[in-house]
Amino acid sequence: MNRSQPLDHLEHLDRELVEELAQVARVTVREELREQTRKQRRTATLYAASGATALYAGGAVALAVGLALAIGLPGWAAALITAALLAAAAYALRAGARSHRGPHTPHRVAGGTPPVSPPGGLGLPYPPMPHDPPRTPADMAAEEDVPRGH
């Protein structure tokens, strides 16, 4: 007696169930991704607005500093001093950002040579070219046959 005969009529139910489950999974994943994207878009918009507002605030502070300096100095000198102050602040912020970037590769390696790959870790696009051509067993045998005195 063949056991598969009584279950043959259930094959189409299995396929329909698998297709329905796959459809439900696709819809669920699509909705979840849509919601995550909406949240990330809102967060990015708020960060962008915050940055633009900070830029305008910085401009207002620079103008206030320049006008305060212009009380006792000529306008060009006040503008020059304000620009120097802003450049120093930008340099300090850049230095602070670089110090938080993480460990960096040393320029010198104690007791050896630095690795061949660039600091980014991507390596060379192709292997380095050897200084001498590769030696074959025939080359080594020929070297043994050549007298050393000549």
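Residues: numbered from 1 along the sequence shown. Every value quoted in this text rests on a predicted model; they were computed, and no experiment measured them.
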So which heavy atom on [X] is nearest to which on [Y], and how close?
X    : Y    : value
P134 : D139 : O-OD2, 4.1 Å
T82  : G66  : OG1-CA, 3.3 Å
A78  : L69  : CB-CB, 3.6 Å

- Query: V61, L85: one ILVMFWY side-chain cluster at the under-4.5 Å cut-off?
  - Reply: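 Linked within one cluster.
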
- Message: Do V65 and I81 land in one hydrophobic cluster if side-chain heavy atoms of ILVMFWY residues count as linked below 4.5 Å?
- Response: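 Yes: a chain of side-chain contacts under 4.5 Å links V65 to I81.
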
- If we ignore angles and hydrogens, is there a donor and acceptor under 3.5 Å between the side chains of Q36 and E32?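 Note: Q36 and E32 side chains meet the donor-acceptor criterion.
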
- Task: Kindly compute the distance separating CG (L21) from CZ (R26), expressed to the nearest 0.5 Å.
- Result: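 One gets 10.5 Å once the value is rounded to the nearest 0.5 Å.
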
- Query: Which distance, rounded to the nearest 0.5 Å, do you find between the OG1 of T28 and the CD of Q23?
  - Reply: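 One gets 9.5 Å once the value is rounded to the nearest 0.5 Å.
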
- Check: K39 main-chain N/O paired with T43 side-chain donor or acceptor under 3.5 Å: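 Between the backbone of K39 and the side chain of T43 there is a qualifying donor-acceptor contact (under 3.5 Å).
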
- Query: Is any side-chain heavy atom of R98 less than 4.5 Å from a side-chain heavy atom of R94?
  - Reply: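 Yes - at least one pair of side-chain heavy atoms lies under 4.5 Å apart.
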
